[in-house]
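Report on the structure given below.
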There are 2 protein chains.
Amino acid sequence: MTAPHTVLGRAVSLLRTFSFEEPVLTLSELSRRTGLHKATAHRLCRELVEHRLLDRVPGGYRLSRGLFELGMRASTERTLTEVALPFLQDLYERTHETVHLGVREGSDVVYLLKIGGHRQARSPSRTGGRMPLHATAIGKMLLAHADPGDVASLLTGPLERVTAHTVTAPGILHRQLERALDEGVAFEHEESAPGLTCVAAPVTVGEDVVAAVSAAGPLGRFWPARHAVVVRAVAAAIGAALARRSTP
Amino acid sequence: MTAPHTVLGRAVSLLRTFSFEEPVLTLSELSRRTGLHKATAHRLCRELVEHRLLDRVPGGYRLSRGLFELGMRASTERTLTEVALPFLQDLYERTHETVHLGVREGSDVVYLLKIGGHRQARSPSRTGGRMPLHATAIGKMLLAHADPGDVASLLTGPLERVTAHTVTAPGILHRQLERALDEGVAFEHEESAPGLTCVAAPVTVGEDVVAAVSAAGPLGRFWPARHAVVVRAVAAAIGAALARRSTP
DNA sequence: GCTCGTGTCTCGCTGAGTGAAACATCGGCC
DNA sequence: GGCCGATGTTTCACTCAGCGAGACACGAGC
């Protein structure tokens, strides 16, 4: 990572160095990855701890609960999440599989919500996490409704291969998107995680697709096509509820 | 708010000015509340937008999705949340009422998770939000297991009255805590919100109470005592699952 | 018209913040 | 034991990032 020449930038790049996979990082590690001088990283970390954005723990530093609280105050999609939750609960009760709510951010899905029960399949998605659009059902659904120009420029760039089954051929992907647009649901078969299948439907408010909903489960037990109708209905219901709320 | 004399501190106090109730703030409002000079606030906000911690929106600024993503990476309680979620789903399915998972932070509960369906009661709790310990069922349960010294010092200070029914008399509260310790559940009757009742049980790992679970519903429909057994069982199951995970 | 509140920009001054360097620990390893 | 490389911590003189007074532009509302 290239270190910016402003305090704020440095602090943010420190915070951004942490990830789901590496929640705890040592000072030297932080200094190395951000390119900051050890003394600088030390001073900044100490101050971030003071402000309760970082925690000092035995193995180094980690993002703190204060940051979690701050992040949850981000209103961007909070009304969306709050309106959608009851419907996602319904979806969960009907399927007892993992249920997602996601929005588009550039070439990624950002998951606003992920709920699941005891039998949930191993999947790389997490609330607040990201996945490439083209590798997930939700992503394809969002992409299908995206601006054609955006789609074109995304498909020309190289598409990351997440698993052996990830669709990286622009032609195939393009056909899948058209079909998704047609059917109102998108599918995914082991394209983001081995053994995982998924079906997604769009949440629309007026003309705009603001998010997408999905149900995911393990290959063998879970047959995406069988749940297409439910997922589509739930997504539609969320859209209706949102429209009702925004224009009372 | 008193403005600190460090860039980082100023930035953090800007971010902390936003709340659930006021998700969008104008620049002047921010400058006024933080005590920062308008020019300073402006510069900092611009930079925060650049780093995707703030969004520029028609009415002013608001916390952005980037901050949400960052906050969700905070690992502090993520394993707790992830382990607990399936059990909380069970609890929801059995009660179809609002379900909480909370931890203690000073004299507050911080809600790590709140799930609910269509019929959920109006309640001030939110995922990532706070409530005074003494005004909520979860809070009382956590307080009952807290260090006696902590409890004493909390009870001597003035106890905020959230609703007309909030217990602010140290004597009564103390008796409630003893009873909660005895029964393994704590109750709340319109003490955090009018018309809302709640029952909570502690999540214990070994000797430590790491969190508490609750089910809440509207007065009249929801009888906390009837759900005491379920809530206690769910909380115990979460504790067992956590213990299993931490010592494999 | 005037006025009040808002967001934006410039620019000279200064102290917050930098980073080299030295120091303190802690292991691991022969 | 002594050597080594890694980590975390502190000091200190230099300098540039950041500050804030002030000026400007815009829009809304009597």
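The chains referred to below are lettered A, B, ... by the order of the sequence lines, with proteins before strands, and numbering in each begins at 1.
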What is the separation between atom [atom1] on [X] and atom [atom2] on [N], rounded to the nearest whole Å?
{"X": "A:Leu44", "N": "D:dG8", "atom1": "CG", "atom2": "C1'", "answer": "15 Å"}
{"X": "A:Arg33", "N": "D:dT7", "atom1": "CZ", "atom2": "P", "answer": "12 Å"}
{"X": "A:Leu25", "N": "D:dG8", "atom1": "CG", "atom2": "P", "answer": "11 Å"}
{"X": "B:His37", "N": "D:dG20", "atom1": "NE2", "atom2": "C1'", "answer": "5 Å"}
{"X": "A:Leu48", "N": "C:dG17", "atom1": "CG", "atom2": "P", "answer": "12 Å"}

With side chains defined as the heavy atoms from C-beta onward, is the minimum distance between B:Leu80 and B:Leu101 less than 4.5 Å?
yes

task = Taking the side chain as every heavy atom from C-beta outward, state whether B:Leu133 and B:Arg104 have any pair of such atoms under 4.5 Å apart.
result = yes

Q: Without swapping roles, check the side chain of A:Thr204 against the backbone of A:Gly206 for a donor-acceptor pair under 3.5 Å.
A: no

Between A:Leu142 and the options A:Thr136, A:Val109, A:Val210, the side chain to side chain contact (heavy atoms under 4.5 Å, CB included) test singles out A:Val109

message: Less than 3.5 Å apart, any donor N or O on the side chain of B:Glu47 or A:Thr6 sitting next to an acceptor on the other?
response: yes

Would you say [X] reaches [N]'s phosphate, i.e. side-chain N/O to OP1/OP2 under 4.0 Å?
{"X": "B:Thr40", "N": "D:dG18", "result": "no"}
{"X": "B:Arg32", "N": "C:dT6", "result": "yes"}
{"X": "B:Ser28", "N": "C:dG7", "result": "yes"}
{"X": "A:His42", "N": "D:dG8", "result": "no"}
{"X": "A:Arg43", "N": "C:dG17", "result": "no"}

Heavy-atom nearest nucleotide on DNA chain C taken for B:Arg46 and for B:Glu29; more 5' hit belongs to B:Glu29

On DNA chain D, more 5' by nearest nucleotide between A:Leu27 and A:Leu8 is A:Leu27

Ranking A:Thr6 and A:Tyr61 by the position along DNA chain D of their nearest nucleotide, the one closer to 5' is A:Tyr61

Which of D:dG18, D:dT9, D:dT7 is nearest the side chain of A:Val7? It is D:dG18

| task | Give one of base, sugar-phosphate or nothing for B:Arg56, where a contact means two heavy atoms less than 4.0 Å apart. | result | sugar-phosphate

With sugar-phosphate taken as primed atoms, P, OP1 and OP2 and all else as base, the protein-contact string of nucleotides 10-15 of chain C at under 4.0 Å (heavy atoms; B, S, -) is ------

Pair of N/O donor and acceptor under 3.5 Å linking D:dG8 base with A:Lys38 side chain | yes

Checklist line | Quiz item: A:His5 side-chain donor-acceptor pair to D:dA17 base, under 3.5 Å | finding: no

Check your understanding: Under a 4.0 Å N-O cut-off, is there an ion pair linking A:Glu22 with A:Arg62?
Key -> no

_Counting only heavy atoms not in B:Arg56 (residues, nucleotides, ligands), do more than 12 fall under 6.0 Å from its CZ?_
yes

